[in-house]
Amino acid sequence: MKLNERHLMQLAAVLDAGGVSEGAAMLGLTQPAVSRSLAMLEARVGEPLFLKGRRPLQATPLGFQLAAQGRTIITASRKASDAVQGFMKGTKGVVRVGGVPFFMDAMISRMIGEFQKLEPEVTVQQSYMNLPEMVAALESNQIDLGIVPIGVLDLGPGFEFTEILPGRNVVACRPDHPLLRNRRLRAHDLTSFPWVAPLPGSPLMSDLQMILMSIGMSDLNVRYSGGSLMSVINFLAETDALAVLPFSVVFAQRKENRVTVLSYEIPQPSRSLGILRRVSGPRSPAAERFAGHVTTAFENLKHIIKRHENAVVWGR
(Lines give C-alpha, C1' and ligand atoms only; values in the text may rest on other atoms or scores of the structure.)
Protein backbone atom coordinates (compact mmCIF):
# COMPACT_ATOMS: atom_id res chain seq x y z
CA MET A 1 0.00 0.00 0.00
CA LYS A 2 1.46 3.31 -1.05
CA LEU A 3 0.60 6.36 1.05
CA ASN A 4 0.91 10.01 0.07
CA GLU A 5 3.84 11.52 1.99
CA ARG A 6 2.12 14.91 2.14
CA HIS A 7 -0.86 13.34 3.90
CA LEU A 8 1.47 11.87 6.53
CA MET A 9 3.12 15.25 7.04
CA GLN A 10 -0.26 16.92 7.49
CA LEU A 11 -1.35 14.25 9.99
CA ALA A 12 1.76 14.87 12.07
CA ALA A 13 1.26 18.65 11.96
CA VAL A 14 -2.38 18.40 13.03
CA LEU A 15 -1.59 16.15 15.98
CA ASP A 16 1.37 18.29 17.09
CA ALA A 17 -0.68 21.49 16.82
CA GLY A 18 -3.75 19.95 18.50
CA GLY A 19 -6.25 20.79 15.78
CA VAL A 20 -6.86 20.85 12.02
CA SER A 21 -6.91 24.64 11.74
CA GLU A 22 -3.76 24.98 13.82
CA GLY A 23 -1.96 22.26 11.84
CA ALA A 24 -2.99 23.84 8.54
CA ALA A 25 -1.64 27.20 9.68
CA MET A 26 1.66 25.53 10.66
CA LEU A 27 2.05 24.16 7.13
CA GLY A 28 0.76 27.28 5.37
CA LEU A 29 -2.34 25.45 4.05
CA THR A 30 -6.07 26.01 4.40
CA GLN A 31 -8.20 24.09 6.91
CA PRO A 32 -10.50 22.56 4.23
CA ALA A 33 -7.50 21.31 2.23
CA VAL A 34 -6.01 19.57 5.26
CA SER A 35 -9.40 18.09 6.26
CA ARG A 36 -9.72 16.59 2.77
CA SER A 37 -6.20 15.12 2.96
CA LEU A 38 -6.90 13.48 6.32
CA ALA A 39 -10.18 12.06 5.04
CA MET A 40 -8.38 10.63 2.01
CA LEU A 41 -5.71 9.09 4.26
CA GLU A 42 -8.33 7.44 6.51
CA ALA A 43 -10.08 6.09 3.43
CA ARG A 44 -6.81 4.76 2.10
CA VAL A 45 -5.85 2.86 5.25
CA GLY A 46 -9.46 1.89 6.10
CA GLU A 47 -9.08 2.77 9.77
CA PRO A 48 -9.81 5.87 11.87
CA LEU A 49 -6.81 8.02 12.69
CA PHE A 50 -8.31 10.06 15.57
CA LEU A 51 -10.14 9.15 18.75
CA LYS A 52 -13.68 10.45 18.56
CA GLY A 53 -14.75 13.26 20.83
CA ARG A 54 -11.27 14.17 22.06
CA ARG A 55 -10.10 17.77 22.15
CA PRO A 56 -7.34 18.51 21.45
CA LEU A 57 -7.22 15.83 18.78
CA GLN A 58 -5.66 12.54 19.85
CA ALA A 59 -4.45 9.79 17.54
CA THR A 60 -5.52 6.18 17.43
CA PRO A 61 -2.62 3.67 17.68
CA LEU A 62 -2.44 3.56 13.88
CA GLY A 63 -2.66 7.34 13.60
CA PHE A 64 0.16 7.64 16.15
CA GLN A 65 2.45 5.40 14.07
CA LEU A 66 1.65 7.17 10.82
CA ALA A 67 2.20 10.59 12.44
CA ALA A 68 5.66 9.43 13.58
CA GLN A 69 6.53 8.71 9.94
CA GLY A 70 5.10 12.08 8.95
CA ARG A 71 7.39 13.83 11.46
CA THR A 72 10.38 12.03 9.93
CA ILE A 73 9.37 13.30 6.50
CA ILE A 74 8.95 16.85 7.83
CA THR A 75 12.39 16.72 9.45
CA ALA A 76 13.99 15.38 6.28
CA SER A 77 12.26 18.04 4.19
CA ARG A 78 13.50 20.81 6.47
CA LYS A 79 17.02 19.43 6.41
CA ALA A 80 16.88 19.29 2.63
CA SER A 81 15.70 22.90 2.49
CA ASP A 82 18.48 23.96 4.86
CA ALA A 83 21.00 22.07 2.73
CA VAL A 84 19.85 23.85 -0.42
CA GLN A 85 19.94 27.27 1.25
CA GLY A 86 23.34 26.56 2.79
CA PHE A 87 24.74 25.38 -0.55
CA MET A 88 23.47 28.46 -2.39
CA LYS A 89 24.92 30.77 0.27
CA GLY A 90 28.20 28.85 0.39
CA THR A 91 27.83 28.03 4.09
CA LYS A 92 27.50 24.28 3.46
CA GLY A 93 29.33 22.03 1.07
CA VAL A 94 32.84 20.97 0.05
CA VAL A 95 35.75 23.08 -1.16
CA ARG A 96 38.40 21.23 -3.19
CA VAL A 97 41.57 23.29 -3.36
CA GLY A 98 44.98 22.47 -4.82
CA GLY A 99 48.14 24.41 -4.14
CA VAL A 100 51.92 24.48 -4.12
CA PRO A 101 53.16 22.67 -0.97
CA PHE A 102 55.27 25.24 0.92
CA PHE A 103 52.86 28.12 0.35
CA MET A 104 49.87 26.00 1.36
CA ASP A 105 51.59 24.90 4.56
CA ALA A 106 52.89 28.32 5.57
CA MET A 107 49.99 30.59 4.65
CA ILE A 108 46.86 28.94 3.27
CA SER A 109 46.48 26.22 5.91
CA ARG A 110 46.03 28.90 8.57
CA MET A 111 43.45 30.65 6.44
CA ILE A 112 41.61 27.36 6.01
CA GLY A 113 41.45 27.14 9.81
CA GLU A 114 40.13 30.70 10.05
CA PHE A 115 37.55 29.94 7.37
CA GLN A 116 36.47 26.79 9.22
CA LYS A 117 35.73 28.88 12.32
CA LEU A 118 33.50 31.14 10.24
CA GLU A 119 31.87 28.33 8.24
CA PRO A 120 31.94 25.16 10.37
CA GLU A 121 29.66 23.27 7.99
CA VAL A 122 32.01 23.59 5.00
CA THR A 123 34.52 20.79 4.42
CA VAL A 124 37.86 21.69 2.80
CA GLN A 125 39.75 19.04 0.85
CA GLN A 126 43.33 20.14 0.13
CA SER A 127 45.73 18.64 -2.41
CA TYR A 128 49.39 19.44 -3.08
CA MET A 129 50.20 20.12 -6.72
CA ASN A 130 52.20 22.42 -8.99
CA LEU A 131 50.87 24.33 -11.99
CA PRO A 132 50.76 21.53 -14.62
CA GLU A 133 48.92 19.14 -12.28
CA MET A 134 46.66 21.97 -11.16
CA VAL A 135 45.60 22.84 -14.70
CA ALA A 136 44.82 19.19 -15.41
CA ALA A 137 42.85 18.86 -12.15
CA LEU A 138 40.79 21.97 -12.92
CA GLU A 139 40.06 20.76 -16.45
CA SER A 140 38.87 17.37 -15.14
CA ASN A 141 36.82 18.97 -12.33
CA GLN A 142 38.88 17.30 -9.61
CA ILE A 143 39.40 20.61 -7.78
CA ASP A 144 37.38 23.83 -7.57
CA LEU A 145 40.31 26.22 -7.47
CA GLY A 146 44.09 26.29 -7.30
CA ILE A 147 46.47 28.56 -5.39
CA VAL A 148 49.70 28.88 -7.32
CA PRO A 149 52.50 31.28 -8.35
CA ILE A 150 52.33 32.24 -12.00
CA GLY A 151 54.77 34.32 -14.06
CA VAL A 152 54.23 35.70 -17.53
CA LEU A 153 52.19 32.78 -18.78
CA ASP A 154 49.11 32.58 -20.95
CA LEU A 155 46.88 29.69 -19.88
CA GLY A 156 44.33 30.49 -22.55
CA PRO A 157 40.76 31.82 -22.36
CA GLY A 158 39.54 28.85 -20.35
CA PHE A 159 41.16 30.06 -17.11
CA GLU A 160 41.13 33.15 -14.94
CA PHE A 161 43.81 34.15 -12.44
CA THR A 162 43.21 36.45 -9.46
CA GLU A 163 46.38 37.84 -7.90
CA ILE A 164 46.49 37.75 -4.11
CA LEU A 165 50.17 38.54 -3.49
CA PRO A 166 53.19 39.61 -5.55
CA GLY A 167 55.48 36.59 -5.69
CA ARG A 168 59.11 36.81 -4.64
CA ASN A 169 61.54 34.03 -3.80
CA VAL A 170 64.56 34.61 -1.58
CA VAL A 171 67.60 32.79 -0.20
CA ALA A 172 66.82 31.63 3.35
CA CYS A 173 69.08 30.50 6.18
CA ARG A 174 69.23 30.30 9.98
CA PRO A 175 69.29 33.65 11.87
CA ASP A 176 72.95 33.30 12.95
CA HIS A 177 74.29 32.08 9.61
CA PRO A 178 77.91 33.17 8.84
CA LEU A 179 76.88 34.86 5.59
CA LEU A 180 74.73 37.34 7.51
CA ARG A 181 77.97 38.95 8.72
CA ASN A 182 78.96 39.82 5.17
CA ARG A 183 78.16 43.44 4.42
CA ARG A 184 77.96 42.75 0.73
CA LEU A 185 77.14 39.32 -0.61
CA ARG A 186 78.50 38.07 -3.89
CA ALA A 187 77.08 35.21 -5.88
CA HIS A 188 80.24 33.16 -5.31
CA ASP A 189 79.69 33.35 -1.51
CA LEU A 190 76.63 31.15 -1.91
CA THR A 191 78.73 28.25 -3.23
CA SER A 192 80.63 27.82 0.05
CA PHE A 193 77.65 26.31 1.86
CA PRO A 194 75.36 23.31 1.37
CA TRP A 195 71.90 23.71 -0.16
CA VAL A 196 68.41 22.31 0.20
CA ALA A 197 66.97 21.15 -3.12
CA PRO A 198 63.48 22.50 -3.90
CA LEU A 199 60.64 20.12 -4.63
CA PRO A 200 60.68 18.98 -8.27
CA GLY A 201 58.44 21.01 -10.54
CA SER A 202 58.17 24.01 -8.23
CA PRO A 203 59.10 27.60 -9.23
CA LEU A 204 61.74 27.40 -6.48
CA MET A 205 63.67 24.97 -8.64
CA SER A 206 63.73 27.37 -11.59
CA ASP A 207 64.96 30.17 -9.31
CA LEU A 208 67.73 27.94 -8.01
CA GLN A 209 68.74 27.33 -11.61
CA MET A 210 68.80 31.12 -12.11
CA ILE A 211 71.25 31.41 -9.21
CA LEU A 212 73.48 28.79 -10.82
CA MET A 213 73.40 30.64 -14.12
CA SER A 214 74.31 33.94 -12.44
CA ILE A 215 77.27 32.25 -10.75
CA GLY A 216 78.31 30.47 -13.89
CA MET A 217 78.11 27.02 -12.32
CA SER A 218 76.20 23.91 -13.27
CA ASP A 219 75.61 22.46 -9.81
CA LEU A 220 75.51 23.25 -6.10
CA ASN A 221 76.35 21.18 -3.05
CA VAL A 222 72.89 19.77 -2.28
CA ARG A 223 72.76 18.01 1.09
CA TYR A 224 69.02 17.69 1.65
CA SER A 225 66.03 17.16 -0.61
CA GLY A 226 62.41 16.01 -0.65
CA GLY A 227 61.39 17.44 2.72
CA SER A 228 58.17 19.12 3.78
CA LEU A 229 58.19 22.78 4.74
CA MET A 230 58.59 22.02 8.43
CA SER A 231 61.43 19.58 7.79
CA VAL A 232 63.22 22.15 5.60
CA ILE A 233 62.84 24.81 8.33
CA ASN A 234 64.19 22.36 10.91
CA PHE A 235 67.14 21.46 8.67
CA LEU A 236 68.00 25.11 8.02
CA ALA A 237 67.78 25.93 11.73
CA GLU A 238 70.34 23.24 12.63
CA THR A 239 72.82 23.69 9.76
CA ASP A 240 74.60 26.28 7.62
CA ALA A 241 72.53 25.20 4.62
CA LEU A 242 70.79 27.62 2.29
CA ALA A 243 67.43 27.25 0.54
CA VAL A 244 65.29 29.14 -1.96
CA LEU A 245 61.93 29.89 -0.34
CA PRO A 246 59.02 32.23 -1.07
CA PHE A 247 59.41 35.36 1.03
CA SER A 248 55.83 34.97 2.23
CA VAL A 249 56.82 31.58 3.69
CA VAL A 250 59.71 33.13 5.63
CA PHE A 251 57.37 35.92 6.75
CA ALA A 252 54.93 33.35 8.12
CA GLN A 253 57.75 31.87 10.23
CA ARG A 254 58.92 35.22 11.66
CA LYS A 255 57.59 34.69 15.19
CA GLU A 256 59.50 31.41 15.58
CA ASN A 257 62.75 33.18 14.53
CA ARG A 258 64.23 29.97 13.13
CA VAL A 259 64.81 31.14 9.58
CA THR A 260 65.63 34.47 7.95
CA VAL A 261 66.62 35.94 4.59
CA LEU A 262 69.96 36.73 3.01
CA SER A 263 70.20 40.14 1.34
CA TYR A 264 70.88 38.58 -2.04
CA GLU A 265 68.58 39.35 -4.92
CA ILE A 266 67.78 36.28 -6.98
CA PRO A 267 67.38 36.88 -10.71
CA GLN A 268 63.77 35.84 -11.21
CA PRO A 269 60.85 36.56 -13.52
CA SER A 270 57.88 38.67 -12.52
CA ARG A 271 55.61 36.33 -10.66
CA SER A 272 52.37 36.53 -8.69
CA LEU A 273 50.65 34.25 -6.22
CA GLY A 274 46.98 33.90 -6.86
CA ILE A 275 43.81 31.88 -7.28
CA LEU A 276 43.36 29.94 -10.51
CA ARG A 277 39.88 28.92 -11.69
CA ARG A 278 38.19 27.68 -14.81
CA VAL A 279 36.01 30.23 -16.56
CA SER A 280 33.32 27.84 -17.75
CA GLY A 281 31.32 25.25 -15.86
CA PRO A 282 29.40 25.41 -12.59
CA ARG A 283 31.09 26.95 -9.56
CA SER A 284 30.70 25.84 -5.99
CA PRO A 285 29.32 28.69 -3.84
CA ALA A 286 31.37 27.36 -0.90
CA ALA A 287 34.54 27.49 -3.03
CA GLU A 288 33.73 31.04 -4.09
CA ARG A 289 33.16 31.97 -0.45
CA PHE A 290 36.53 30.44 0.46
CA ALA A 291 38.26 32.26 -2.40
CA GLY A 292 36.79 35.52 -1.14
CA HIS A 293 38.07 34.77 2.36
CA VAL A 294 41.61 34.13 1.07
CA THR A 295 41.55 37.26 -1.10
CA THR A 296 40.42 39.44 1.81
CA ALA A 297 43.03 37.92 4.12
CA PHE A 298 45.82 38.79 1.69
CA GLU A 299 44.46 42.29 1.15
CA ASN A 300 45.06 42.80 4.85
CA LEU A 301 48.46 41.06 4.79
CA LYS A 302 50.30 42.04 1.64
CA HIS A 303 51.21 45.57 2.75
CA ILE A 304 52.58 44.19 6.02
CA ILE A 305 54.54 41.55 4.11
CA LYS A 306 56.02 44.19 1.80
CA ARG A 307 57.09 46.42 4.70
CA HIS A 308 58.63 43.40 6.42
CA GLU A 309 60.53 42.50 3.24
CA ASN A 310 61.91 46.02 2.84
CA ALA A 311 63.02 46.14 6.48
CA VAL A 312 64.40 42.63 6.89
CA VAL A 313 65.86 41.88 3.47
CA TRP A 314 67.04 45.16 2.02
CA GLY A 315 67.25 47.24 5.22
CA ARG A 316 69.64 44.91 7.05
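Being a predicted model, the structure only gives us computed values, none of them experimental. Residues: numbered from 1 along the sequence shown. Only heavy atoms go into these numbers, but all of them, side chains included; no hydrogens, no water, no symmetry mates.
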### Query
Under a 4.0 Å N-O cut-off, is there an ion pair linking Lys79 with Asp82?
no

### Task
Measure from the side-chain N and O atoms of Thr60 to the backbone N and O of Pro48, and report whether any donor-acceptor pair falls under 3.5 Å.
yes

### Task
Return yes when atom CZ of Arg289 has more than 12 non-hydrogen atoms of other residues, nucleotides or ligands closer than 6.0 Å, and no otherwise.
yes

### Task
Please check if the side chain of Asp189 supplies one atom and the backbone of Arg186 the other of a donor-acceptor pair under 3.5 Å.
yes

### Task
Assess whether side chain to side chain contact (heavy atoms under 4.5 Å, CB included) is satisfied between Gln10 and Leu29, documenting all intermediate values.
CA-CA 9 Å; Gln10 292 172 28; Leu29 300 173; 3.7 Å; yes

#### Entry: Under 3.5 Å donor-acceptor, Arg278 side chain and Gly158 backbone
no

### Query
So, are Asp240 and Arg174 salt-bridged, with charged N and O less than 4.0 Å apart?
yes

### Query
Taking Arg96 for the side chain and Ser127 for the main chain, is one N or O donor matched with an acceptor at less than 3.5 Å?
no

### Message
Val100 and side chain to side chain contact (heavy atoms under 4.5 Å, CB included): which single residue from Asp105, Val148, Leu199 fits?
### Response
Val148

### Summary
In this structure, CG of Leu41 is separated from CG of Asn4 (nearest 0.5 Å) by 8.5 Å

#### Entry: Side-chain donor or acceptor of Arg254 paired with backbone N/O of Phe251 under 3.5 Å
yes

### Task
Give, for atom CD1 of Ile147 and atom CZ of Phe298, the distance between the pair rounded to the nearest 0.5 Å.
7.5 Å

